[in-house]
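Below is one structure; the comments refer to it alone.
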Amino acid sequence: MPDALPPAASAAPAQAALFARYRDAAPAGDGPWNDVLASLLAHRSVRAYRPDPLPEGTLERLVAAAQSAASSSNLQTWSVVAVEDAGHKARLAAVARGQRHIEQAPLFLVWVADHARLRGIGAITRSPTEGLDYLETFLVALIDAALAAQNAVVAAESLGLGTVYIGALRNHPEAVAAELGLPPGAMGVFGLCVGYADPDGASDVKPRLPQSVVVHREQYRSTVTPEMVGTYDAAMMAFQQEQRMEPVGWTRTAMSRVRGAASLHGRERMRETLIALGFPLR
Ligand SMILES: Cc1cc2nc3c(=O)[nH]c(=O)nc-3n(C[C@H](O)[C@H](O)[C@H](O)COP(=O)(O)O)c2cc1C
């Protein structure tokens, strides 16, 4: 484990990183700091890639990092499909509203909530696998896949690579399953572009909600106030202006994403879709 620098020596880089992440709501005061924290706080999604290939063995190292994540009961109910073929990436990009970065990135990883492996092991060992029929066990696979993918993201960023998750694959999970040849009981829950960021399309660290809003001590209490909304909208507007984006803040976009079934772009049918893909969700 890397040692945390003493607060005095670490204050300047830590405060700069915290300011980038929270703007005026950056937590004050000293605290531990090291290279891992610096890398985590510097995260930003990358949506423009250079065509350069990844160094030999990168996929294997990213997967080793992913498999090093904790896993519920060590069931490891996830898989990943590595897509590098241009035609294949183009068809997956079409599923995800034509997001161009999917085709640009040299590597596109589709993270799979995978019950098919345990079902198959049940078949060859003649063991019942009815526990996989439950919503809880789908959540286990989803959580495992997300933890594994995030480890791969952290690893990729530590190697100087950029990434962006692609949840839009869930607009058409059946099409993704057909494209990737997924068996029943396997679903592509999100994709991940991996590659070298094109500096011309570089984005910056995006501010997050103030810690005072997301952290509760001992008991949850409501933190929703007009002041909170205003503070974060102001931070996001400043970020959007710097990025030459429309300064719409956060609240308007967030509310539009949860307004109703139509805001879910087909994902409002997810229960039926999951059942069709072989997750009974009892
Ligand atoms: C599960 C998940 C799905 C996402 N899906 C998409 C997507 O389809 N397209 C996209 O451009 N960004 C996608 N993102 C990236 C988010 O928009 C991004 O993480 C968020 O705006 C915060 O920005 P940052 O990652 O640069 O800090 C997704 C992120 C997550 C965690």
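Every number for a ligand or one of its atoms is a count from 1 in the order of the listing. In this chain, residues are counted from 1 in sequence order.
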* Rounded distance [0.5 Å steps], CZ in Arg61 versus CG in Leu159 -> 9.5 Å
* Asked: Which atoms of ligand 1 are found less than 4.0 Å from any heavy atom of Gly167?
  -> 3 (C), 4 (C), 5 (N), 6 (C), 7 (C), 8 (O)
* Value rounded to 0.5 Å, distance of CZ in Arg100 from CZ in Arg47 -> 14.0 Å
* Structure fact -> Here the atoms of ligand 1 under 4.0 Å from any heavy atom belonging to Ala168 are 8 (O)
* Atom indices of ligand 1 within 4.0 angstrom of Ser45 heavy atoms, with elements -> 15 (C), 18 (C), 19 (O), 24 (P), 25 (O), 26 (O)
* To do: Count the heavy atoms of every other residue, nucleotide or ligand shown that sit under 6.0 Å from CD of Glu130, and state whether that count exceeds 12.
  => no
* To do: Tell me which protein heavy atom sits closest to atom 29 (C) of ligand 1, plus the residue, atom name and distance to 0.1 Å.
  => Tyr165 CB, 3.5 Å
* Asked: What do you reckon, does His43 have a nitrogen or oxygen under 3.5 Å from a nitrogen or oxygen of ligand 1?
  -> yes
* Asked: Would Arg97 count as a contact of ligand 1 if the rule is a heavy atom under 4.0 Å away?
  -> no
* N-O pairing of Asp133 and Arg119 below 4.0 Å -> yes
* Would Phe108 and Leu169 count as a side-chain contact (heavy atoms from CB on, under 4.5 Å) if you check the C-alpha gap in whole Å, the side-chain angles of each, and the deciding distance to 0.1 Å? -> CA-CA 12 Å; Phe108 186 59; Leu169 286 187; 4.1 Å; yes
* For Gln99, atoms of ligand 1 separated by under 4.0 Å from a heavy atom -> 7 (C), 8 (O), 9 (N), 10 (C), 11 (O)
* Asked: Which of these, Val46, Val194, Val153, sits in a side-chain contact (heavy atoms from CB on, under 4.5 Å) with Leu161?
  -> Val194
* Asked: Which atoms of ligand 1 have any heavy atom of His101 under 4.0 Å away?
  -> 11 (O)
* Please indicate whether Arg221 has more than 12 foreign heavy atoms, meaning atoms of other residues, nucleotides or ligands, lying under 6.0 Å from its CZ. => yes
* **Distance filter under 4.0 Å to Ile166 heavy atoms, resulting ligand 1 atoms** => 5 (N), 6 (C), 7 (C), 8 (O), 9 (N)
* Side chain or backbone of Leu169 under 4.0 Å from ligand 1, or both, or neither, by non-hydrogen atoms? -> neither
* To do: Return the option from Arg47, Arg21, Lys206 holding the heavy atom at the smallest distance from atom 16 (C) of ligand 1.
  => Arg47
* Asked: Taking heavy atoms and a distance under 4.0 Å, where does Arg208 meet ligand 1: side chain, backbone, both or neither?
  -> side chain
* Asked: When rounded to the nearest 0.5 angstrom, what is the spacing between CD in Gln15 and CG in Asp30?
  -> 7.0 Å
